[in-house]
Amino acid sequence: MFNSIANNFGAGTIQFKDVQENNYIVLNAKFTCNPQDEAYKNADVLEINVPTLSIDRSTDSSVVVRFISRELYRGKIYAYDAGTIAKSWIKDKNTLCIEKLPVFNAQTELIIYIHALYCQLAQSSNATKGTQKTVNCISENNFFRVSTSNTFVVRFKKWAFFHLSFSGSDSSMDDADWDVFINNFPEDITTDIPFIGGRNSKHNLLSNINESKLEEGYLSLPASERNFGFNNTGDNPFIFAYLIRDYETAPEIEGRLHYETEQLQQGKYTFFQDVDLELIPSQSVVSFIGSMGLYSAGPGTFPAPDFPEEIPAFDAFFLAVHQHSNGLTVQLLEIQVTKTDGNTTIKVIDQAGDKNLAFKLFDTTIPVII
């Protein structure tokens with residue numbers, strides 16, 4: 001995280017969240033500016049001076065520029081918030097640029113959202129592979145619907161790419177605040193994010209753009225913030241953003257043995273997801289994180305590729321909570337890590353007499369080293 005040093009268009013100090021690598025940068029920020037400010041009027045391009053970045057120039061990326069527009073009609077306030085996409089790029093190690101669009105010249109306040117990935121210009125490198133996950137939007141009576149083929153998240157350790165394509169909602173919820181849980185979405189992302197799309201009847205050159213909020217896996221959009229006609233057929237509002245996670249770098253601890261993988265697979269349909277295992281061999285303690293949605297009694301046996309040789313085979317018992325439950329239910333699991341001819345398997349056994357191995361695990365216990 002860092003603050004801007006200066007800018008040429010009259011805005012105040014801008015706070016950025018950042019992920020900086022040697023060939024790309026992800027930046028998140030939200031700030032306001034006034035097109036009637038003399039500095040804004042005199043600027044050809046909006047330039048923000050920042051501390052030295054890890055890349056010196058970038059390919060073009062996009063930011064969202066929006067203004068708030070409300071009208072009172074028959075005692076009710078209707079939203080016609082409007083905006084569009086503007087080009088953005090890193091000019092040099094200390095300058096971020098945003099395209100200045102004449103369509104906003106008559107406004108008195110603009111809100112600019114940066115959820116952008118900037119790649120180093122004219123430099124090739126090996127791509128970093130993330131994990132794409134289809135997300136499910138869970139809402140009361142399933143009133144909120146999305147295009148399943150175009151709604152997904154690609155997760156990296158420090159950031160994520162998110163695309164959501166809205167397909168409709170129940171008319172009974174038109175005047176209600178929306179709170180939707182996004183399954184498989186990282187819960188360590190908190191940001192105000194634009195919901196883009198739809199014809200704006202009051203600002204014909206621009207699109208509807210409303211502000212929603214992502215926090216702890218929930219997407220919130222109050223009724224007062226949704227444009228008139230948000231749910232119109234064919235408008236197809238969407239979210240497109242590179243989002244920084246509130247990641248913490250784990251310190252290296254002597255004797256710490258660690259294994260982490262996004263997914264283990266048994267056969268075609270059985271998965272053990274988000275596996276994170278740590279073991280301390282002396283005065284043995286083992287922690288295990290993961291989730292599974294196996295709707296049978298199991299057990300589930302998973303090959304564990306690239307499992308560290310230093311982690312010994314062990315047997316341990318853990319407490320987990322059910323994936324789908326209306327109360328506090330606990331599931332007792334036995335997890336066996338076995339090694340044979342250089343291959344490691346992780347076997348998950350239900351010890352509580354449950355019919356389903358559908359759980360979320362986050363527990364620490366004492367293992368029996370085999």
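Only a predicted model underlies this, so the values are computations on that prediction, with no experimental measurement involved.
- Using a distance-only test at 3.5 Å, with no hydrogens or angles considered, a donor-acceptor pair links the side chain of Q36 to the main chain of Q107.
- Shown are F240, F238, F230, W178; of these, the ring-ring contact (aromatic ring centres under 6.0 Å, His included) with F195 is made only by F230.
- Put simply, the side chain of N183 never gets that close to the backbone of V135: no donor and acceptor are under 3.5 Å apart.
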What side-chain donor-acceptor pairs closer than 3.5 Å can you find for residues 44-57, not counting sequence neighbours?
{"unit_1": "E47", "atom_1": "OE2", "unit_2": "K91", "atom_2": "NZ", "d": "3.3"}
{"unit_1": "T52", "atom_1": "OG1", "unit_2": "N94", "atom_2": "ND2", "d": "3.2"}
{"unit_1": "S54", "atom_1": "OG", "unit_2": "E21", "atom_2": "O", "d": "2.6"}
{"unit_1": "D56", "atom_1": "OD1", "unit_2": "Q120", "atom_2": "NE2", "d": "2.8"}

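- Using a distance-only test at 3.5 Å, with no hydrogens or angles considered, no donor-acceptor pair links the side chain of K202 to the main chain of A82.
- Screening residues 161-170 for side-chain hydrogen bond (donor to acceptor under 3.5 Å, both in side chains), with sequence neighbours left out, gives R145-D170, S169-N231.
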Margin query: I'd like to know whether K347 forms a side chain to side chain contact (heavy atoms under 4.5 Å, CB included) with T338, so could you lay out the CA-CA distance, the side-chain angles of the two residues, the decisive distance to 0.1 Å, and finally the verdict.
Written below: CA-CA 8 Å; K347 186 175 184 179; T338 58; over 6 Å; no

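- Ring orientation note: the planes of F2 and F16 are close to parallel, at an angle under 30° on the 30°/60° scale.
- Panel note: side chain E99, backbone A86; no donor-acceptor pair is recorded below 3.5 Å.
- Taking the six-membered ring wherever Trp is involved, the centroid distance between the rings of H115 and F162 does not fall below 6.0 Å.
- D179 and S220 share a donor-acceptor pair across their side chains, judged by distance under 3.5 Å alone.
- Using a distance-only test at 3.5 Å, with no hydrogens or angles considered, no donor-acceptor pair links the side chain of D235 to the main chain of P237.
- Ring pair F161/F156: centre-to-centre distance not below 6.0 Å.
- Residue pairs satisfying the side-chain hydrogen bond (donor to acceptor under 3.5 Å, both in side chains) criterion with at least one member in residues 58-67, sequence neighbours excluded, are listed as follows: R66-D81, R66-Y113.
- N200 places a side-chain N or O within donor-acceptor distance of the main-chain N or O of Y80, the cut-off being under 3.5 Å.
- Scored by the salt bridge (Lys or Arg N to Asp or Glu O under 4.0 Å) test, R245 finds D188 as partners (sequence neighbours excluded).
- Shown here are the side-chain contact (heavy atoms from CB on, under 4.5 Å) partners of T134, two or more places apart in sequence or in another chain: there are none.
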Under 3.5 Å, which donor-acceptor pairs do the side chains of residues 356-370 form with other protein atoms, sequence neighbours left out?
{"unit_1": "D363", "atom_1": "OD2", "unit_2": "L319", "atom_2": "N", "d": "2.9"}
{"unit_1": "T365", "atom_1": "OG1", "unit_2": "F317", "atom_2": "O", "d": "3.3"}

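- Of the possible polar contacts, none joining the Q351 side chain to the G353 backbone as a donor-acceptor pair under 3.5 Å is found.
- At least one donor-acceptor pair closer than 3.5 Å links the side chain of D37 to the backbone N or O of A39.
- With values rounded to the nearest 0.5 angstrom, I311 atom CD1 is found 5.5 Å from L257 atom CG.
- Taking 4.0 Å as the cut-off between side-chain N and carboxylate O, K355 and D350 do not count as a salt-bridged pair.
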